[in-house]
Amino acid sequence: MRGILRRTALLTAVVALTAGTATAAERDKSPVKRPKVAVIGTGGTIAGVSESRVDFQDYQSGKIPVSELVGDLEPEVNGIADVSTVQFGNKGSGSYSIADFRELTLAVDNALRTNDAAVVTTGTDTMEEFAYWLDLTVRSDKPVVLTGAMRPWTVLGTDGPANLYNAIQLAASRKTTCFGSVIMLNDEIQAAREVRKTDALRMDTFNSGASGSLGVVDQDRVRINRAPARVEKCGRSSWRTPFDVGRIAEKDLPKVEIAYSYQGAGGEAVKAFADAGADGVVTAGTGAGGVSSSMSAARTDATKQGVVFASTTRTGNGAVYDKESGGAVVGAADLSPQKARILLLLSLAKTDDVPTIRSWFTTLGTAEFTKRG
């Protein structure tokens, strides 16, 4: 009995000594500081709920709170970032107005004051417009990553959890500092300016055309292969665009529309937009920005009413170069019609001076790096 007691006492002493040693070692170690990432939810398919696990297209979007989406990624996500959540809204992306976009920019900038990066979850239908708006308006150069899903959270094979996890991992890596806004879906990183949704249903819907993706996320490896041109200005005040929405009142947001050209297109749409008080119109032209003769005549008349036009191509690739003719029609380079609308809208919110607007389209609106000696 005494032997048992002695062995028990010895074992207790060893355990206590080991515990004490481990505690001392832990005290000597500096705690690993995880990057702080704010996840701002706006809804969309990623927050969608289906009646069955195989309702891939029939579901209600924007139903699950973003806190629950992040919670479903625990404990794994806790190993890469200290994540907080903000519920900005919870509906389909097409249900948001430009005034809502303005408020979203303010929410992102506010989150970046106390966090190292931000992730914004949105619906994919107009995600490219969300992304380009934030790219042009967010004042912080910290990473802003948008993500979403092509399938709701509740179906078999949903892409939502992987997309959200990878977006948080990308944001936490801080490898896109000074890139502006980027999109992370399907393991691919795309620049906000170039990315487009190219398929209504497939999960590899987003690509950047001839520009190509910025990189990929492969499990725990974030690989960046190229950077947007704006990184040239990293660390300089000129990195920020002129479009500080904190200085633009909601009532000053202009009305900008898109008119689509096609064989024998009439000029009625352009005339109707001008008569309805549009401040600007983007034409989605054929080839290198061509419009029908009727649409061209209506455009000329509208410019006399003070309407400013941006010329784009409906082809999906290629550029409409500015002719610098001094008129009120500005070439939008390779911006898609929907992206050109965002830039024209923000430009008109600042000024109605066409030469100034033209200068923004030929600098901010292009993806070109500047030449250095």
Side-chain angles (χ1 to χ4, degrees), residues 37-74 76-77 83 85-98 100-101 103-104 107-108 118-135 144-171 181-192 195-208 213 216-217 336 338-339 342:
V37 177
V39 180
I40 302 171
T42 73
T45 296
I46 193 170
V49 173
S50 58
E51 287 192 15
S52 84
R53 295 201 300 160
V54 292
D55 284 336
F56 302 112
Q57 277 91 54
D58 299 321
Y59 57 87
Q60 291 183 299
S61 65
K63 292 296 179 183
I64 305 174
V66 71
S67 58
E68 289 187 22
L69 303 184
V70 172
D72 282 352
L73 303 182
E74 294 176 344
E76 292 82 2
V77 74
V83 182
T85 60
V86 177
Q87 193 72 56
F88 177 84
N90 215 2
K91 53 188 178 182
S93 61
S95 298
Y96 286 94
S97 66
I98 293 298
D100 293 329
F101 273 25
E103 293 301 315
L104 179 60
V108 171
V119 170
V120 180
T121 63
T122 77
T124 60
D125 282 354
T126 59
M127 180 181 283
E128 58 197 90
E129 290 159 84
F130 269 78
Y132 194 48
W133 172 276
L134 292 174
D135 191 60
V144 176
V145 182
L146 286 87
T147 195
M150 292 299 291
R151 293 178 176 176
W153 197 264
T154 53
V155 298
L156 296 172
T158 176
D159 52 332
N163 285 342
L164 181 54
Y165 181 86
N166 280 342
I168 294 170
Q169 184 172 205
L170 172 60
S181 299
V182 302
I183 283 179
M184 157 51 61
L185 271 94
N186 203 41
D187 301 338
E188 293 184 313
I189 309 163
Q190 313 281 354
V195 70
R196 297 171 189 181
K197 186 174 183 178
T198 63
D199 194 288
L201 302 175
R202 301 286 77 81
M203 288 192 286
D204 60 350
T205 178
F206 284 98
N207 69 63
S208 298
S213 68
V216 294
V217 175
S336 65
Q338 53 269 37
K339 300 271 185 71
I342 295 294

Self-check item: Verdict with reasoning, Q57 to L201, per side chain to side chain contact (heavy atoms under 4.5 Å, CB included)
Solution: CA-CA 8 Å; Q57 277 91 54; L201 302 175; 3.7 Å; yes
Practice problem: List for me each residue that meets side chain to side chain contact (heavy atoms under 4.5 Å, CB included) alongside V155, sequence neighbours excluded, and say none if there are none. | Solution: S50, F56, R151, P152, T158
Self-check item: Those residues that, when tested against A167, pass side chain to side chain contact (heavy atoms under 4.5 Å, CB included) (two or more places apart)
Solution: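 Side chain to side chain contact (heavy atoms under 4.5 Å, CB included) list for A167, sorted by chain: V119, V145, T147, M184.
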Could you tell me the separation between the [atom1] atom of [X] and the [atom2] atom of [Y], rounded to the nearest 0.5 Å?
X	Y	atom1	atom2	value
D55	L156	CG	CG	10.5 Å
L104	T42	CG	OG1	7.0 Å
L185	M150	CG	CE	8.5 Å
N163	T45	CG	OG1	11.5 Å
S208	I189	OG	CD1	11.0 Å

Self-check item: Qualifying salt bridge (charged side-chain N to carboxylate O under 4.0 Å, His left out) pairs, either residue in residues 63-73, two or more places apart
Solution: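 Passing the test, one end in residues 63-73: no pairs.
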Practice problem: Scan residues 124-133 for pairs that pass salt bridge (charged side-chain N to carboxylate O under 4.0 Å, His left out), counting only residues two or more places apart or in two chains. | Solution: D125-K197
Quiz item: Can you check side chain to side chain contact (heavy atoms under 4.5 Å, CB included) on L146 and F130, steps first, answer last?
Solution: CA-CA 8 Å; L146 286 87; F130 269 78; 3.8 Å; yes
Is any side-chain heavy atom of [X] less than 4.5 Å from a side-chain heavy atom of [Y]?
X	Y	result
L73	L69	no
W153	P161	yes
T205	T124	no
I342	D135	no
Y96	W133	no
V66	V86	no

Any idea which heavy atoms bring [X] and [Y] closest together, and the distance?
X	Y	result
A118	V108	CB-CG1, 4.4 Å
A192	A131	CB-O, 3.6 Å
G48	I64	O-CD1, 3.8 Å
I46	T122	CG2-O, 4.5 Å

Exercise. Test L170 against N166 for side chain to side chain contact (heavy atoms under 4.5 Å, CB included), laying out the working first.
Key: CA-CA 6 Å; L170 172 60; N166 280 342; over 6 Å; no
Quiz item: Can you name the side-chain hydrogen bond (donor to acceptor under 3.5 Å, both in side chains) partners of T198, sequence neighbours left out?
Solution: N207
Quiz item: What residues form a side-chain hydrogen bond (donor to acceptor under 3.5 Å, both in side chains) with D199, not counting sequence neighbours?
Solution: none
Self-check item: Enclosure of Q338 CD (heavy-atom neighbours >12, cutoff 6.0 Å)
Solution: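 Result for CD/Q338: enclosed.
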